[in-house]
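In what follows, a structure is listed as structure tokens, so that the remarks can point back to it.
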Amino acid sequence: MEPWNLTGVSEFILLGFSKEPELQTLIFVIFLSMYLITVFGNLLIILATVHDSHLHTPMYFFLSNLSFADICFTTTTVPKMLVNIQTQSKVITYAGCITQMYFFLFFSGLDIYLLTVMAYDRFVAICHPLHYMVIMNPRLCGLLLLVTWIISVLHSLLQSLMVLRLSFCKDVEIPHFFCELNQMVQLACCDTFLNNMVMYFAAVLLAGGPLAAILFSYSKIVSSIRGISSAQGKQAAFSTCVSHLSIVSLFFCTSLGVYLSSAATHRSHSSAKASVMYAVVTPMMNPFIYSLRNKDIKGALKRFLGVAVIKGTVVTGLKSCL
């Protein structure tokens, strides 16, 4: 195939999951349901955290930011796929593809770094409980959040600029439901050695580094919990980490599983289906994991929903009186 210049590529084709017309309605309903659950579930976590003064702590500050990142993370891919199914068009513009890839990398990176910061928060809370509020002061929390945003912006910007230098071929088809970085690089009609090196180096440094930090934090946490004499104290300490550990396991295991399986099989459609686990399912599961396993969140949600119902009743009563 004859390579095009950058200005020659005007659009890409997102092949999605299936070419079978009878499956499109089912796929649309499933992904619309998961997207709505993700948005409303994470939005409830944010509103409950903001509304309830008991949750104005570093742990829930980072949790509300994680919920925001999860909403945006899913929004970068699912709505476009739903529009494509509804309009029966698989086209995405060149600019739209680069933009989608940038924000996908940004919010996925933000997820990883927030999970790392939350692991550090749990480490300080359990290993240094007497100094917790002194160490995790508002200034440090704000600084940690700012650093996660800066690293995410720089990484996604670097990868996007690296893709912009590539030239692509005619009839470019992406065997995925969104513009995934690895698929974009594979479709290029020029030398991609530098792109691959940057991509793999960034993966090791910016994903492997946080994973190592999380594992180190939990090794210290486990060691500290083992030193607690009472069984009740051990259970109380471990219960504060269960939700975060569940989310970390779900996110990293599915992400690693996707890329290891795609590297082994080289089947792009299998990679697309597996990507649903970390790109859609994990953000959807986060609110359930935190609400089901965390008494503070449960109580805050009950109080928030109770206030909302009361306000709704009062407003309805006033309207009926007028």
Side-chain angles (χ1 to χ4, degrees), residues 1 3-19 27 31 34-35 69-112 152-190 192 194-196 198-200 202-203 206-207 254-255 258-259 262-263 266-283:
M1 287 186 292
W4 281 17
N5 294 326
L6 292 179
T7 55
V9 180
S10 59
E11 59 187 31
F12 294 94
I13 306 297
L14 294 173
L15 297 181
F17 298 105
S18 174
K19 296 181 180 179
I27 292 173
F31 276 85
M34 288 195 294
Y35 178 66
D70 282 336
I71 292 173
C72 298
F73 184 35
T74 311
T75 302
T76 59
T77 57
V78 177
K80 175 58 181 174
M81 185 190 71
L82 295 176
V83 169
N84 285 357
I85 293 174
Q86 190 66 24
T87 59
Q88 299 182 352
S89 171
K90 297 183 178 181
V91 173
I92 183 170
T93 63
Y94 177 82
C97 197
I98 297 297
T99 303
Q100 185 185 62
M101 185 187 68
Y102 172 85
F103 283 107
F104 181 84
L105 290 170
F106 172 73
F107 288 112
S108 61
L110 193 59
D111 255 17
I112 292 172
S152 299
V153 167
L154 293 178
H155 171 238
S156 53
L157 183 61
L158 171 64
Q159 297 290 4
S160 299
L161 291 174
M162 291 298 294
V163 172
L164 284 172
R165 62 180 283 275
L166 299 176
S167 57
F168 296 92
C169 304
K170 297 179 181 179
D171 302 322
V172 178
E173 295 183 342
I174 302 175
H176 220 293
F177 68 99
F178 66 94
C179 296
E180 198 260 342
L181 174 63
N182 190 42
Q183 297 294 333
M184 295 282 289
V185 173
Q186 288 180 17
L187 289 175
C189 291
C190 59
T192 59
L194 183 58
N195 289 76
N196 285 320
V198 171
M199 186 166 55
Y200 294 132
L206 301 178
T254 53
S255 301
V258 166
Y259 288 103
S262 63
H266 299 287
R267 295 177 62 185
S268 299
H269 279 288
S270 298
S271 174
K273 293 172 183 176
S275 297
V276 175
M277 286 302 298
Y278 76 89
V280 183
V281 175
T282 301

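Just so you know, residue 1 is the first one in the sequence shown, and it goes up from there. Just the heavy atoms: all of them, side chains too, but no hydrogens, waters or symmetry mates, feed the values below.
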Assess whether side-chain contact (heavy atoms from CB on, under 4.5 Å) is satisfied between Met184 and Ile98, documenting all intermediate values. CA-CA 9 Å; Met184 295 282 289; Ile98 297 297; 4.1 Å; yes
Looking at every non-hydrogen atom in both residues, tell me the closest pair between Gln159 and Met101 and how far apart they are. O-CE, 4.3 Å
For Cys97, check disulfide bond (SG atoms under 2.5 Å apart) against everything at least two apart and list the hits. Cys179
Quick one: list whatever passes side chain to side chain contact (heavy atoms under 4.5 Å, CB included) with Leu187, sequence neighbours left out. Phe168, Val172, Ile174
Is a donor on one side and an acceptor on the other found under 3.5 Å between the side chain of Thr74 and the backbone of Val280? no
Apply side chain to side chain donor-acceptor pair (under 3.5 Å) to Thr75 and list each qualifying residue two or more places apart in sequence or on a separate chain. Tyr35
Hits for side chain to side chain donor-acceptor pair (under 3.5 Å) against Asp70, two or more places apart or cross-chain, chain-then-number order -> Asn286
Lys80: what forms a side chain to side chain donor-acceptor pair (under 3.5 Å) with it, not counting sequence neighbours? Asn84
Can a donor-acceptor pair be found, under 3.5 Å and without considering hydrogens, that links the side chain of Thr93 to the backbone of Gly96? yes
Main-chain N/O of Val153 paired to Ser156 side chain as donor or acceptor, under 3.5 Å: yes
Only counting residues at least two apart or in another chain, list the ones meeting ring-ring contact (aromatic ring centres under 6.0 Å, His included) with Phe103. none
Closest approach of Gln100 to Thr76 (non-hydrogen atoms, all atoms of both residues): NE2-O, 3.0 Å
